[in-house]
Amino acid sequence: MKVDLWLAKLDELTNVDESLLSEEEQFRADRFIHQNFKNHFIKRRSILRQLLARYLAIKPNEIVINQTKLGKPYVANADKKIFFNTSHSKGHVLYGFSKDAELGVDIEFLDAEIEAELISNHFFGSDEISLIRSSVGKTKSEAFFRLWCIKEAYIKLVGKGLTFPLDQVLVTNTMNRPFLIVPSHPDSNGPEVLKCRFLEVVPNFGIGVVVHGKELEIQYREYTFEC
């Protein structure tokens, strides 16, 4: 499965066309009290529409974006199939696209002061907690964010209707080539194993990607209005 990742650094992008947004998106933008938050929202949605237009050959302002009952966004008026997901942190926005299957992406600022052990006690499984506790210094925060980004990407993959706690969604082989084990459902034949990746391609940020599929090929680009 091939995934295209695009990273946008919002504060470095000044040419934004607000007219690309739908009426609903413009209404949401107007609800922001702080101008900087409003500008970031407009940029995020404008860039999403411009990238979707590249894949679908539809004008950006003609794309209709809806959500499933579980909160997963999708394009409702395209002849071609495209799966996409987005995440943002501190002015950096990550966009993931695939023509093959659903995906989830997450980007997080790598805060060295994060309370790794405290947070892991609430969201991680016993083996994952042991990894955090046995790690020291920079390795502790790296282990935490590898687990956190992948778990967050999984939430984005399945949507907001996650029906079991994250301490049951286990990341294995965390520090090398991780994979994700998801608990079995009543109608399944056993736990599901998902492909995932953790990337550090941007200084001070970590990226998690989770997909349905046996293989995962990633192409990473940084977005500019000229690209």
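Keep in mind it's a predicted model, so treat the numbers as computed, not measured.
Of the possible polar contacts, none joining the E152 side chain to the C149 backbone as a donor-acceptor pair under 3.5 Å is found. Side chain of K99 to main chain of I82: no donor-acceptor pair is present (N/O by atom type, distance under 3.5 Å, no hydrogens or angles). Looking at E128, its side chain does come within 3.5 Å of a backbone N or O of V171 through a donor-acceptor pair.
Around the CZ atom of R177, the shell of radius 6.0 Å holds no more than 12 heavy atoms that belong to other residues, nucleotides or ligands. Applying the 6.0 Å contact sphere to CZ of F37 captures no more than 12 heavy atoms from other residues, nucleotides or ligands.
The closest side-chain donor-acceptor pair between D11 and H40 falls under 3.5 angstrom. Under the 3.5 Å distance criterion, with hydrogens and angles disregarded, a donor-acceptor pair is assigned to the side chains of Q50 and S46. Defined by atom type and a distance below 3.5 Å, a donor-acceptor pair is present between the side-chain atoms of N39 and Q35.
For R44, there are no salt bridge (charged side-chain N to carboxylate O under 4.0 Å, His left out) partners two or more places apart in sequence or in a different chain.
Under the 6.0 Å cut-off for aromatic ring centres, F124 and F144 qualify, their centroids lying closer than that.
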Trace of the ring pair (Phe, Tyr, Trp, His ring centres under 6.0 Å) decision for Y95 with F84: CA-CA 7 Å; Y95 302 87; F84 70 95; 9.1 Å; no
Verdict with supporting geometry, T174 and L147, side chain to side chain contact (heavy atoms under 4.5 Å, CB included): CA-CA 7 Å; T174 304; L147 292 164; 3.5 Å; yes
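E217 and K2 are not joined by a salt bridge, as no carboxylate oxygen comes within less than 4.0 angstrom of a charged side-chain nitrogen.
Counting Ile, Leu, Val, Met, Phe, Trp and Tyr side chains that sit under 4.5 Å apart, directly or through other members, V201 shares a hydrophobic cluster with M1, V3, L5, L7, F83, L94, L103, V105, I107, F109, L199, V202, F205, I207, V209, V211, L216, I218, Y220.
Sorted by first then second residue, the side chain to side chain donor-acceptor pair (under 3.5 Å) pairs that include residues 76-92, not counting sequence neighbours, are S87-D106.
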